[in-house]
Number of protein chains: 2
Amino acid sequence: MLVTDLSNSAQDYLKLIWTATEWSATPITVSSIAGRLGVRPPTVSDGIKKLAAQNLVTHAPYGSIELTAEGRKHAVAMVRRHRLLETFLVQSLGYGWDEVHEEAEILEHAVSDKLIERIDQCLGHPTRDPHGDPIPSPGGQQHQPTGTQLSVAEAGSTVTVTRISDADPELLRYFTELGLTPDTQLSIQEHRRFADLTTIRLRGQEQNIDLGASASEAIWVVAV
Amino acid sequence: MLVTDLSNSAQDYLKLIWTATEWSATPITVSSIAGRLGVRPPTVSDGIKKLAAQNLVTHAPYGSIELTAEGRKHAVAMVRRHRLLETFLVQSLGYGWDEVHEEAEILEHAVSDKLIERIDQCLGHPTRDPHGDPIPSPGGQQHQPTGTQLSVAEAGSTVTVTRISDADPELLRYFTELGLTPDTQLSIQEHRRFADLTTIRLRGQEQNIDLGASASEAIWVVAV
DNA sequence: CAATATTGTTCGCTAAGCCTAACATTCTGG
DNA sequence: CCAGAATGTTAGGCTTAGCGAACAATATTG
Ligand SMILES: [Mn+2]
Ligand SMILES: [Mn+2]
Ligand SMILES: [Mn+2]
Ligand SMILES: [Mn+2]
């Protein structure tokens, strides 16, 4: 079965389940899927049951949701599509990194395998998308992403941004203003515990910047 | 109402009704739509009734099917999307003109208005697609196409190809071999009536070429 | 101009995806 | 450890897009 044989919503479920555990080990739940996809829990409960009937996920009522090998294959193919499309929109069509997620969310279901491979070729086989997320190879390989959320990274250390969550476009526009993008180097000045603030300084700048929890949790970093 | 508010199939119906009368005055029928779209007549009969209820077409049972002003607006917007996408796939991604129709048929429903305008800009506002079909402007204007089918064009005349129907990819590959594309000049040697053959000679070539009805009806020409 | 062939429509059905309301299970904190 | 909160499932209903069978209207042709 090809990825393109699955319905749009099945493709979205699988992609979402896969990406949910890419950067953190949060267990995937019916309501988390419903929240992300903008549908009600019963819809997801049904949807997951159908995916289980197709052997794309394992799931017993009230139990955990896990991809099967087959399901993972489709999920990774969708992630590849999504991230290549985002990269293409930025590189070739002048989109901002805050504008591409929504567009790719639709296009990923419509492009053919041939088109995806043309785009990949035209971009020179990129390995990361505009948000720093790794792009799986056609065969499904990808180097395991490393990094921790800025909110929990060690104060006093100097780090490189590896990845910024693309979930909130407005946050991305704020980061653009700051000049904070993947591969930016910064030093972590301090965490102010009950204010939930993280103070950072970008490499080459004098100013300190205070980031709240939603911002510092959206940024993944590795030690330089 | 925006074009993107309509279902994919409604978009396809409207586009098909519009294009059916672009190059010839063939009246559009339920079964012709069903044939082109690969669905059964009852499906189309229902679908047209729904479009009529939305005031996008006029249609009384057993009567003719005509676009309303509103329906025409949506139809032209879809034609613009389709043809810009075809052009983009050829110009920017190295597709052959025989490969783009199918891909555009899907993508046209998925791209945003923003993406279409980016593509238009990136291509320098092209006015014709790879098959010679005119690309309507964002406002819906387009210069009326002129031309007659090669099969009925005057024998002995020298003409320029303005348009080749993209309905049959295999035929397009054959034309590629011959070097017969939009803007090619050729002279019409003769029509052989009951053999349904048209003999042509491409400008700058020595060889005559015999084209059967399906080929000579797919080519539109204007006198030089 | 009537019989027949063609074309179009209506009817009743299916499947997918979504919903709300009601119910079941599991988690949690006193 | 148990009651209430949180989460998940089932049941039943809606809409859209499709189908075949049966029927209705129109077109063709002898
Ligand atoms: Mn999607
Ligand atoms: Mn991304
Ligand atoms: Mn289409
Ligand atoms: Mn075309």
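Predicted, not measured: the structure shown is a model, and the values here were computed from it. Order of the sequence lines fixes the chain letters, A, B, ..., with proteins taken first and strands second; residue numbering starts at 1 for each chain.
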- Message: Between A/His74 and A/Gln11, is there a side-chain heavy-atom distance shorter than 4.5 Å?
- Response: no

- Task: For residues A/Pro182 and A/Thr162, determine if any side-chain heavy atom of one lies less than 4.5 Å from a side-chain heavy atom of the other.
- Result: no

- Here the distance between atom P of C/dG8 and atom CD1 of B/Ile48, to the nearest Å, is 11 Å

- Query: Ion pair present between A/Arg83 and A/Glu86, side-chain N to carboxylate O less than 4.0 angstrom?
  - Reply: no

- Ignoring backbone atoms, establish whether B/Lys49 has a side-chain N or O less than 4.0 Å from OP1 or OP2 of C/dT10. yes

- Item | Any donor-acceptor N or O pair under 3.5 Å, side chains A/Ser112, B/Glu103 | yes

- Donor on one side chain, acceptor on other, A/Gln121 and A/His125, under 3.5 Å: no

- Message: Taking the ring centre of each residue, are B/His101 and B/His131 less than 6.0 Å apart?
- Response: no

- Query: What are the residues of residues 17-37 of chain A, sorted by number, that bring a heavy atom to within less than 4.0 Å of DNA chain C?
  - Reply: none

- Could you tell me whether the side chains of A/Asp129 and A/Trp97 share a donor-acceptor contact shorter than 3.5 Å? no

- Round to the nearest Å and state the distance from A/Asp12 atom CG to C/dA16 atom C1'. 15 Å

- Along nucleotides 17-28 of chain C, 5' to 3', which nucleotides get a B, which get an S, and which get a -, given that the test is a protein heavy-atom distance under 4.0 Å? SSBBB--BSS--

- Message: Assess, by modelled atom type and distance only, whether the side chains of A/Asp12 and A/His109 contain a donor and an acceptor separated by less than 3.5 Å.
- Response: yes

- Query: In whole angstroms, how far is the C1' atom of C/dT10 from the NE2 atom of B/His59?
  - Reply: 13 Å

